[in-house]
Amino acid sequence: MSDELPKGYDPHGVEEKWRTHWRDKKTFTPDPDAPGEPYSIVIPPPNVTGALHIGHALNLTLIDTLCRHYRQKGRNVLWVPGTDHAGIATQNVVERALAKEGKRRQDLGREKFIDRVWQWREEYGSRILNQIDAMGCSVDWERLRFTMDEGLSRAVRKVFVQLYKEGLIYRGKYIINWCSRCHTALADDEVEHEDEQGHLWQIKYHVKDSDESLVVATTRPETIPGDTAVCVHPDDERYQHLIGKTCIVPVCGREVPIIADRYVDREFGTGALKVTPCHDHNDWALGKNHDLEFIQVIDEDGRMKPESGKYDGLSKEECRKAIVADIEAMGDLVGVEKLAHSVGHCYRCHTVVEPHVSDQWFVAMTKLAPRAREAMPKYTRLLPEAWLKTYYHWMDTIRDWCISRQIWWGHRIPAWTCQACGELMVQEEAPKACCKCGSTDLHQEEDVLDTWFSSALWPFSTMGWPDRTKELAKWYPTSVLVTGFDILFFWVARMMMMGQHFMDEVPFRDVYLHALVRDAQGRKMSKSTGNVIDPVKMIEQYGCDSLRFTLTAFAAMGRDIRLSEDRIEGYRHFVNKLWNSARFTLMNLDKEPPAPVALESVQGLASQWILHRLEVLKAEMDKAFDEYRFNDVAQGGYKFLWGEFCDWYLELVKPDMQDPARKPESQYVLYTALKEILLLLHPVMPFVTAEIWQALPGHAGEDIAVMPYPESRPGCLRPDEAAKMEFIQGVIVSVRTIKAELGIAPGRKVALKLHPADAAQQALIEANRTVIMTLARLEDIEAGAGVHAPKASASDVVQGCQIIVPLKGNVDLATEVARLDKEMGKIQKGLEMVEKKLSNENFVARAKPEFVASERARGAELADSLAKLEKLKARFEEALQGGED
RNA sequence: GGACGGUUAGCUCAGUUGGUAGAGCGCUGCCCUUACAAGGCAGAUGUCACAAGUUCAAGUCUUGUACCGUCCACCA
């Protein structure tokens, strides 16, 4: 009986209980030898020291929903959890903590600093894991991975060495993006460009041995000491005569050539460009093409180097002021104007990024990209498809990937240089001696690898590669990658490349890119804006199932999600509704499970109807899952449970529960329908469904998470019976509406007279007499063509059946006329639209015949209703004027 | 400069092959009907951004315009 379930659903104890159950029982640890078609997903690993944010919550919910669904469908499901060491981000966090003690990492030294990071990870690394657990994620905790653990580090070294030997990793001096705060190189895509208001200075460069000068425009005067050329467009008539001559760089007096290159935009600024090969990406290319001198004047800390002459030691900001002042003093400052231009910032600390020339390691993306490009959509489907174009564009314009980082936290590059002979050795384990000269004086590369390097291996490294494990054999490639579109390039594209190169197979069959979660105004959620919705708080406040349901309901493909707390609160009501429908069901069941009946041949119309609707829903939800239409999954369940099961079915079977002849069948259908709706909702709402399930008779001690998806019962699809039910519902709604609009209290029992359209309708009404009486709250029903209908009655027409509610003179009769007019107005309007269509020759000739037929039928029904209402209204008006009853 | 997305009820958003627009919250009225007041019943509100086109028929397809947003590239 129901006393097992409390009146309102309280998620707290329930969630805790099931989390513990699943973890202790290792419910989600699959056996690779077990039968079942494999289904696998690797988690997008959150930063190890991070905290759960709403984006994770969305991502985890969607993945878990998929895993639980396909587990129900009999697949052998593996979801690999894990975390990322997040090189720069984590190092920054620890450095900040250190700064509070007044220390820098250099004060500790490399080893001690790394110890300190591990210590930090011990302390905070479990936070995010607990939060993943709190989301109800059905991950396999036995296969938890971390990008820096021994197995994955071995995979990283093996990949690095192999790529190096294949010539796909190389080392060289190039211009890269440098963050002087993080003190490291950054990859191109780790630089965030933002528009900023700056200045464009116009500065006069004098031509050597001439009175002439030319004016260059620059936004960065501090780089002037590094200028090694001035460049103009070869066809620019203003400057043609100067090409090949020499000019003097202001402030430092260096003599540099005036060169010509089509790269220069004649329209911009003065059409003359100063070239600083060491401090600008484009100038670097010009320097290489024109064989210019390379002079570095800014160092790795953003300070001026001795090469800058008198500005040595100044910060670049100070230097800018000094140089502008000096040039102005010389009278060579022609002008300054404001200029909006975009400036690169470090994606981790937001410091302005400086182009910087240094020795770095690179992956030859241009060689790896073509195969990964071709793989989509041939071997891997990308959803939403719109991203495919972006993916191609990126692959087509890809540049080599700078993978070395001048930080300490990460996978140290497995390369050693012999201090004696200079030999470079790249190998998985540290060499004991130089392979060339035998010296033991070896020095390992100081740099570590970009975090995304290890992330790129995640789909196979987490399954034990390079060993040939059962996991790889069973679950690689993974079924789908679910992640945000913001890391399509950082991560997805690189996994595609590495997967193909090392496993000779794409890492996933599908890639589903979900939206970003924004606030109600559409802004990105960020701590600084103060608009974050904290999923942990939401779970505490509304329960995990409410949060999950909200996120799922919002996850329409290809659109951003604007989340507000109201929505979560709203869907909490839904969780509660489910809970209470279960309470009702339990109240009407016995301790033992109800005796099975053949569902294909149940007698009750309501039961035929709900079983029919359930079949339709099962098929729809199944399809929605296969197509990643998460919002349809959620809404399908919502509408069915609330709008059909609760609003109608539970009410419809209430009379049956008092009728010994009908009770057993209705009990069994009620029991079955609830169980199936629980199974259908379980992937989205794991906790509440699990709790209800084990409270059902016959299911004590069971775990819904391991129960199969409800089987389809084609025999229960009965559209004709469903239509009959809809007629009964129409009659009930009609009476309720009359009562509500005429101000008759809902509880006041009235008599109902019906003039059915035909004998079948008449029989249907008789068969469902009790239900109509109960739900419409009637004292009596009289149905039949000859039933006397008092003139003073409210009336309506449902599918040709006249609904007559005698008013007995105790309500405001005039209201009924207004109500009828309004009703007839609506029908009239509909009728006009139909007639307009049908009188259109083109419509009749060209529209699909079945549609024309259905329009004809509809027109006939509307006309019939209208005629009947007009007659009833005329009679009613007679009554108003005192005519007899 | 290139690409993409959005514009639907007061607010936040759904709307799967074109066929008379839906949900949540909010709002109005009536109800504590023994699962649920976190509820029930009934109701109001939309020239589906604008313009043109295709079609018998357009929120849905095509083109253009406006506004908002995102990504990429460039930016001396």
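Every chain is numbered from 1, with letters handed out A, B, ... down the list of sequences. Side-chain atoms are counted along with the backbone in the values below, which use heavy atoms only and exclude waters and symmetry mates.
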The side chain of [X] lies closest to which of these nucleotides: [options]?
X      : options             : result
A:F554 : B:G39, B:C72, B:U12 : B:U12
A:N576 : B:G22, B:A38, B:A35 : B:A38
A:T737 : B:U70, B:G43, B:A35 : B:G43
A:R583 : B:G24, B:A42, B:A35 : B:A35
A:N631 : B:G15, B:A44, B:C56 : B:G15
A:R567 : B:C36, B:G19, B:A23 : B:A23
A:K822 : B:G40, B:A38, B:A44 : B:A44
A:K577 : B:U16, B:G19, B:C36 : B:C36

With both distances under 3.5 Å as the test, what is the Watson-Crick or G-U wobble partner of [N]?
N     : answer
B:A51 : B:U63
B:A21 : none
B:A44 : none
B:G69 : B:C4
B:C74 : none

[N] and [M]: how far apart are their [atom1] atoms, nearest whole angstrom?
N     : M     : atom1 : value
B:U54 : B:C67 : P     : 28 Å
B:A66 : B:C56 : P     : 32 Å
B:A49 : B:A57 : C1'   : 22 Å
B:G64 : B:C71 : C1'   : 24 Å
B:A9  : B:A23 : C1'   : 11 Å

Integer-rounded Å distance: [N] [atom2] and [X] [atom1]:
X      : N     : atom1 : atom2 : value
A:E823 : B:A42 : CD    : P     : 14 Å
A:I744 : B:C41 : CD1   : C1'   : 14 Å
A:L670 : B:A35 : CG    : P     : 12 Å
A:N840 : B:G19 : CG    : C1'   : 14 Å
A:D632 : B:G22 : CG    : C1'   : 12 Å
A:L641 : B:G39 : CG    : P     : 13 Å
A:W387 : B:C4  : CH2   : P     : 12 Å
A:E850 : B:G18 : CD    : C1'   : 14 Å

For this session: Give the intermediate values and the outcome of salt bridge (charged side-chain N to carboxylate O under 4.0 Å, His left out) for residues A:R629 and A:E627.
Result: CA-CA 5 Å; A:R629 286 182 284 112; A:E627 295 170 5; 2.9 Å; yes
Between [X] and [N], does any side-chain N or O lie under 4.0 Å from OP1 or OP2?
X      : N     : answer
A:Y638 : B:G24 : yes
A:W642 : B:G40 : yes
A:K739 : B:G40 : no
A:K848 : B:G18 : no
A:K7   : B:A37 : yes

For this session: Assess whether atom CD of A:E194 is packed by more than 12 heavy atoms of other residues, nucleotides or ligands within 6.0 Å.
Result: yes
Name the nucleic acid region contacted by [X], choosing base, sugar-phosphate or nothing; use a 4.0 angstrom heavy-atom cut-off, strictly under.
X      : answer
A:L650 : base
A:S581 : base
A:R736 : sugar-phosphate
A:V264 : base
A:C646 : base
A:K829 : nothing
A:D647 : sugar-phosphate
A:E741 : sugar-phosphate
A:K389 : sugar-phosphate
A:W201 : nothing

Exercise. Is the A:F645 ring parallel, tilted or perpendicular to the A:Y649 ring (thresholds 30°, 60°)?
Worked result: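 Parallel: the ring planes of A:F645 and A:Y649 meet at under 30°.
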Problem set entry | Plane angle bin for A:Y347 and A:F490 - parallel if under 30°, tilted between 30 and 60°, otherwise perpendicular | parallel
Exercise. Closer to the 5' end of RNA chain B via nearest nucleotide, is it A:V834 or A:K623?
Worked result: A:K623
Problem set entry | Lys/Arg cation over aromatic A:Y391: A:R373, 6.0 Å, 45° cone | no
Exercise. Which of these, A:W642, A:F554, A:F549, sits in a ring pair (Phe, Tyr, Trp, His ring centres under 6.0 Å) with A:Y571?
Worked result: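 Running ring pair (Phe, Tyr, Trp, His ring centres under 6.0 Å) over A:W642, A:F554, A:F549 with A:Y571 returns exactly one hit, A:F549.
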Side chain to side chain, [X] and [Y], heavy atoms closer than 4.5 Å:
X      : Y      : value
A:L775 : A:K654 : no
A:H279 : A:E354 : yes
A:R736 : A:I732 : yes

